[in-house]
Amino acid sequence: MLLKKEMSFVLAASLVFGILAGCGKTDQASSSASGGTGQVIKIATQSPLSGSSATSGEAIELGAKLKVEDAKEEFKKLGYDLQFVPYDDQGDPKKGAANAQLIASDAQILGVVGHLNSGVAIPSSEVYEKNNIVMVSPSNTATAVTDRGLKTVNRICARDDFQGPAGADYAMKTLNAKKIFVIDDKTAYGSGLAKEFGDAVKKNGGTLAGTESITVGEKDFSGVLNKVKASNADLIFFGGLYAEGGLIVKQARDKGITAPILGGDAIDSKSMVDIAGTSIVDTYFTSVAADVTKTAEGKKFADAYKQKFNKDVEGYSAYGYDSAGVLLQGLKDAIAANGNKLPSRQQVAESVRKIQDYQGVVTKVGFDSKGDNKFAKVYIYKFDGAKYPGVQQGEIEKK
């Protein structure tokens with residue numbers, strides 16, 4: 001008898017929960033069809049939040065997060081609950097692609113801000129393309145990112161075939177370097193930038209004193225630096241990330257190498273200074289990121305970022321913010337064009353690519369047919385002693 005009563009209770013409870021669950025599904029479907037109040041839209045980020053590039057990766061994540069939170073109230077008025085979901089790609093192409101599959105499986109994610117590393121962005125973006133998920137990159141500079149002609153891939157920063165030659169021009173004309181030793185880290189970003197730089201040096205009549213490659217994760221660069229010292233190069237160029245860049249600078253100075261050292265945007269980080277310490281004297285870098293302190297809007301952003309996260313801005317903090325801003329503008333345009341109903345991923349992707357005149361806190365954005373930003377610039381900085389950020393020396397517009 002007791003068993004029968006228990007069974008009756010279980011069956012009754014199951015029926016009640018089944019009815020409630022059914023009601024929940026009906027309400028959700030109705031909301032989805034009508035663009036009802038509180039319908040969830042998610043914006044994802046992909047960047048390294050752990051590992052040797054975590055400082056720059058976190059800057060992208062936090063910048064994008066701040067923009068999404070700034071826009072929540074605006075989207076709430078449109079009937080949507082805007083949410084932020086960060087993914088840690090660990091600076092690893094396989095992890096990035098695996099995360100991209102997870103992102104694709106979540107129908108509420110309508111766009112991605114990322115990645116930091118071009119070598120991670122390239123395979124991940126193949127997944128985005130298959131699933132019509134728009135990507136807006138704050139920092140991927142490798143030419144292959146957009147040259148593949150993918151409809152969902154965009155970036156707001158300059159390309160390596162602009163950054164490399166700009167660095168070479170500065171090295172030769174301003175730093176008076178004629179004999180340059182080039183080192184790269186074998187990544188898609190580092191090797192691509194180093195090649196563009198080296199080709200420009202040779203085109204402009206300079207000489208490559210030597211070229212060498214190192215591996216991400218290495219700690220001892222004595223072998224490469226002994227070759228640098230023997231070459232009597234009057235400048236060292238490094239295409240790679242700050243973890244190795246900081247060690248190369250420190251170890252070069254320890255060996256008595258006094259030649260200026262020039263790197264790309266991936267050494268634009270406080271961690272670069274922390275690693276190199278006082279050895280960082282006479283170190284320069286090109287960057288695709290502008291100095292936020294140069295404008296009133298940029299200063300306002302930096303103050304809000306500091307207040308929100310208790311951290312100073314990094315090189316790509318504002319570019320994470322502006323990439324998210326571009327994505328959200330495209331999303332709003334797609335919602336409006338769809339009668340204020342939830343747009344498809346494809347509609348959002350098409351809307352983002354159409355953006356021509358978006359003004360962010362540090363950069364203006366207008367995409368060409370490949371997803372490159374027509375207004376992107378390259379900036380030259382110098383580390384002024386063991387402190388961050390670097391001091392801007394100039395800016396270059398693409399002609």
Side-chain angles (χ1 to χ4, degrees), residues 42-50 53-72 82-91 96 99 103 109-118 120-121 124-125 128 134-141 145 153-158 189 241-242 265-266 268-271 287-293 295 297-331 352 355 358-365 371 373 376 379 388-389:
K42 297 177 184 176
I43 301 299
T45 55
Q46 271 234 69
S47 61
L49 305 179
S50 58
S53 301
T55 302
S56 295
E58 183 189 51
I60 290 172
E61 178 215 2
L62 296 182
K65 181 179 182 179
L66 184 58
K67 182 62 182 180
V68 170
E69 292 191 356
D70 285 349
K72 282 181 75 70
L82 190 64
Q83 297 182 7
F84 177 77
V85 283
Y87 286 78
D88 179 8
D89 66 25
Q90 300 174 9
N99 284 348
I103 288 169
I109 297 178
L110 297 186
V112 179
V113 172
H115 296 242
L116 173 68
N117 309 90
S118 295
V120 181
S124 300
S125 61
Y128 303 145
V134 67
M135 165 187 139
V136 181
S137 172
S139 62
N140 297 140
T141 59
V145 171
V153 177
N154 312 276
R155 59 174 147 206
I156 68 171
C157 59
Y189 160 75
L241 308 175
Y242 63 77
D265 56 292
D268 180 9
S269 172
K270 182 179 181 297
S271 293
S287 182
V288 295
D291 182 353
V292 297
T293 67
T295 66
E297 279 298 306
K299 290 176 182 176
K300 182 180 177 182
F301 162 77
D303 289 343
Y305 187 95
K306 176 75 171 181
Q307 183 176 2
K308 179 71 176 179
F309 305 116
N310 196 29
K311 292 177 180 286
D312 292 323
V313 294
E314 287 275 333
Y316 285 114
S317 300
Y319 277 65
Y321 186 89
D322 281 351
S323 290
V326 169
L327 202 164
L328 293 173
Q329 182 61 58
L331 178 56
V352 169
I355 288 175
Y358 177 86
Q359 184 59 58
V361 294
V362 287
T363 185
K364 189 175 181 180
V365 179
N373 182 13
Y379 305 86
Y388 184 83

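We use all heavy atoms of the structure for the numbers below, so side chains are in, but hydrogens, waters and symmetry mates are not.
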Could you tell me if the side chain of Glu61 sits less than 4.5 Å from the side chain of Leu49, heavy atoms only? yes
Can you tell me if Lys72 has over 12 outside heavy atoms packed within less than 6.0 Å of its NZ? yes
Minimum heavy-atom separation for Pro48 and Asp89, please, with both atom names. N-OD1, 3.0 Å
Indicate the atoms forming the closest heavy-atom contact of Val153 with Val145, along with that distance. CG1-O, 3.6 Å
Atom pair OG (Ser56) and OH (Tyr316), whose distance is rounded to the nearest 0.5 Å: 8.0 Å
Could you give the distance from CG (Leu327) to CG (Asn154), rounded to the nearest 0.5 Å? 8.5 Å
Ser139 side chain to His115 backbone, donor-acceptor under 3.5 Å: yes
Work out which heavy atom in Thr45 is nearest to a heavy atom in Pro86; give both atom names and the distance. OG1-CA, 3.3 Å
Go through the side-chain N and O atoms of Tyr388 and Asp268 and say whether any donor and acceptor fall under 3.5 Å apart. yes
In the structure I gave you, are the side-chain heavy atoms of Tyr128 and Val112 within less than 4.5 Å of one another anywhere? yes
Taking only residues two or more places apart in sequence or in another chain, which ones pass salt bridge (Lys or Arg N to Asp or Glu O under 4.0 Å) with Glu69? Lys308
Please enumerate all residues that pass side-chain contact (heavy atoms from CB on, under 4.5 Å) together with Thr55, with sequence neighbours excluded. Tyr242, Ser269, Ser271, Glu314
Please tell me if the side chains of Tyr87 and Ile103 come closer than 4.5 Å, counting only heavy atoms from C-beta onward. yes
Hey, does Arg155 have a side-chain heavy atom less than 4.5 Å from the side chain of Val136? no
With side chains defined as the heavy atoms from C-beta onward, is the minimum distance between Lys65 and Tyr321 less than 4.5 Å? no
Would you say the side-chain atoms of Asn140 pair up with the backbone N or O of Ala121, donor to acceptor, closer than 3.5 Å? no
Quick check for you: to the nearest 0.5 Å, what is the distance between Thr293 atom OG1 and Phe301 atom CZ? 12.5 Å
Give me the atom names and distance for the closest heavy-atom approach of Cys157 to Ala376. C-CB, 3.7 Å
Taking Ser47 for its side chain and Leu116 for its backbone only, find out whether a donor-acceptor pair lies under 3.5 Å. no
Spell out, as yes or no, whether a donor-acceptor pair under 3.5 Å connects the side chain of Gln46 to the backbone of Gly96. yes
Are the side chains of Val361 and Thr295 in contact, using a 4.5 Å heavy-atom criterion? no
I'd like to check the side-chain contact (heavy atoms from CB on, under 4.5 Å) partners of Lys306; sequence neighbours left out, ordered by chain and number. Asn310, Asp312
Asp322 (side chain) donor-acceptor with Val362 (main chain) under 3.5 angstrom: yes
Classify the side-chain pair Asp88/Ser50 by whether it contains a donor and acceptor separated by less than 3.5 Å. yes
Give me the atom names and distance for the closest heavy-atom approach of Val113 to Ile60. CG1-CG2, 4.2 Å
By salt bridge (Lys or Arg N to Asp or Glu O under 4.0 Å) - contacts of Lys364 (at least two apart): Asp357
Can you tell me which residue among Ile156, Val326, Val288 is in a side-chain contact (heavy atoms from CB on, under 4.5 Å) with Thr363? Ile156
So do Asn117 and Leu241 actually touch side chain to side chain, heavy atoms under 4.5 Å? yes
The criterion is salt bridge (Lys or Arg N to Asp or Glu O under 4.0 Å); which residues satisfy it with Glu58, sequence neighbours excluded? Lys311
Please examine the side chains of Val85 and Ile43, heavy atoms only from C-beta on, and report whether any two atoms are closer than 4.5 Å. no
Parallel, tilted or perpendicular, judged at 30° and 60°: which one describes the rings of Phe309 and Tyr305? perpendicular
Restricting to non-hydrogen atoms, name the atom on Gly330 and the atom on Ile355 that form the minimum distance, rounded to 0.1 Å. N-CD1, 3.8 Å
Side-chain donor or acceptor of Tyr319 paired with backbone N/O of Ala290 under 3.5 Å: yes
Taken in chain and number order and not counting sequence neighbours, the residues that satisfy salt bridge (Lys or Arg N to Asp or Glu O under 4.0 Å) with Lys270 are Asp274
